[in-house]
Amino acid sequence: MFQRLPSLALGALLLASSTPLLAAQPTTLTILSSGGIMGAIREVAPGYEKATGVKLEIAAAPSMGDTPQAIPNRLARKEPADVVLMVGSALDKLVADGQALKDSRVDLGQSFIAMAVRQGAPKPDISTMDAFKKTLENAQSVAYSDSASGVYLSRVLFPRMQLGDAFTAKARMIPAEPVGGVVARGDAQLGFQQLSELKPVQGIDIVGLIPDQAQKMTLYSGAVVTHSQHPDAARALLKYLASKDAAKAIEDSGLKPIPAQ
């Protein structure tokens with residue numbers, strides 16, 4: 001659970017914020033968050049709002065993809081936003097395109113790919129690469145995301161494992177929906193996504209991380225949106241998320257916190 005901000009940390013936040021705590025109309029920050037870090041921001045939000053007086057409006061938004069909800073597409077439409085929390089490589093592109101402020105960028109947590117099955121279903125062996133390959137070949141259906149982990153699986157790992165046409169025919173990318181939800185309702189036997197995106201889903205059992213030899217780390221980062229109406233308050237939030245005070249929430253969400261500088 002969120003712990004009370006230390007006095008020094010709270011003082012820094014107040015100095016960085018452009019809106020006093022006692023203002024009649026409190027600052028509201030609109031946050032576009034990828035599912036991989038959604039658990040962390042939702043955990044800290046109630047305590048942060050109470051401690052600072054800044055209201056956080058959090059909207060789920062994929063880091064990439066063709067769906068209208070994806071962060072790049074929302075920003076391209078000039079939707080109101082102050083902070084983006086997303087896959088680091090996708091954020092780098094936003095910075096290059098002038099949609100996020102380079103000097104505000106902070107790295108928040110590392111995510112690793114895990115596999116899930118429907119709750120109560122047998123948990124296949126993925127402890128070694130040989131076992132992992134057999135599990136994939138024997139699966140009736142496989143689902144993976146249209147974000148960073150799914151792109152890596154479909155374009156790099158699965159072709160490298162030479163699983164063949166039969167596997168390709170039963171594996172599909174899931175747009176704009178948590179993979180865990182697809183597995184929970186029985187539409188896929190195996191589901192792959194970052195651990196932090198699988199953890200909040202009800203109705204599934206997480207088998208574990210895929211083998212180290214197959215693994216790919218995804219970095220989650222945050223930045224202030226260029227057209228933010230509250231850039232100082234947005235920077236203060238990011239400073240807190242990158243601090244040791246938010247590390248437990250980051251870890252609880254399934255991410256590995258980045259050590260505070």
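Treat the numbers as computed from the prediction; the structure is a model and nothing was measured.
Met38 is connected to Leu29 through a chain of hydrophobic side-chain contacts under 4.5 Å among Ile, Leu, Val, Met, Phe, Trp and Tyr, so both are in one cluster.
Here the side chain of His227 pairs a donor or acceptor atom with the backbone of Glu79 at under 3.5 angstrom. Although no hydrogens or angles enter the test, the distance criterion places a donor-acceptor pair under 3.5 Å between the side chain of Asn73 and the main chain of Thr67. At distances below 3.5 Å, not a single donor-acceptor pair connects side-chain atoms of Ser34 with backbone N or O atoms of Met86. Remark: the backbone N or O of Asp252 is paired with a side-chain donor or acceptor of Lys199 at under 3.5 angstrom. Under a 3.5 Å cut-off, the side chain of Asp205 and the backbone N or O of Gly120 do form a donor-acceptor pair. A donor-acceptor pair under 3.5 Å links the side-chain atoms of Asp82 to the main chain of Thr30, judged by distance alone. Checked by atom type and distance alone, the side chain of Lys55 never pairs as donor or acceptor with a backbone atom of Pro26 at under 3.5 Å. A donor-acceptor pair under 3.5 Å is absent between the side-chain atoms of Gln194 and the main chain of Gly36, judged by distance alone.
Within a 6.0 Å radius of CG in Asp212, no more than 12 heavy atoms belonging to other residues, nucleotides or ligands are found. Within a 6.0 Å sphere centred on CD of Gln162, other residues, nucleotides and ligands contribute 12 heavy atoms or fewer. Other residues, nucleotides and ligands place more than 12 heavy atoms under 6.0 Å from the CZ atom of Arg77. The number of heavy-atom neighbours closer than 6.0 Å to CD of Glu137, taken from other residues, nucleotides and ligands shown, is above 12. In the displayed structure, Lys216 atom NZ is contacted under 6.0 Å by at most 12 heavy atoms of other residues, nucleotides or ligands.
Listed here is the closest heavy atom pair of Gly208 and Ile126: O-CD1, 3.8 Å. Of all heavy-atom pairs spanning Leu190 and Val117, the tightest one is CD2-CG1, 3.7 Å. The shortest heavy-atom contact between Gln69 and Pro62 is O-CD, 3.6 Å. Of all non-hydrogen atoms in Val224 and Ser228, the two that sit nearest each other are CG1-CB, 3.9 Å. Pairing each heavy atom of Ile204 with each of Gly180, the nearest pair is CG2-O, 3.3 Å.
Pro124 is listed as a side-chain neighbour of Met115, based on a closest heavy-atom distance under 4.5 Å. Between Tyr220 and Leu85 there is no side-chain heavy-atom pair separated by less than 4.5 Å. Between Leu219 and Ile258, some side-chain heavy-atom pair lies under the 4.5 Å cut-off.
Taking the six-membered ring where the residue is Trp, Tyr240 and Tyr48 present tilted rings, their angle falling between 30° and 60°.
Counting only N and O atoms by type, the side chains of Asp130 and Thr128 include no donor and acceptor under 3.5 Å apart.
Of the candidates Asp107, Asp103, Leu101, Arg105 forms a side-chain contact (heavy atoms from CB on, under 4.5 Å) with just one, namely Asp107.
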Inset, instruction - Any chance you could lay out the side chain to side chain contact (heavy atoms under 4.5 Å, CB included) test for Leu163 and Lys133, step after step, and finish with the verdict? - result: CA-CA 8 Å; Leu163 295 165; Lys133 184 174 183 179; 3.8 Å; yes
Between Leu198 and Val183, is a side chain to side chain contact (heavy atoms under 4.5 Å, CB included) present by the stated rule, with each step listed? CA-CA 10 Å; Leu198 291 172; Val183 174; over 6 Å; no
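Comment: Lys134 does not engage Asp125 in a salt bridge, judged by the lack of any side-chain N to carboxylate O separation of less than 4.0 angstrom.
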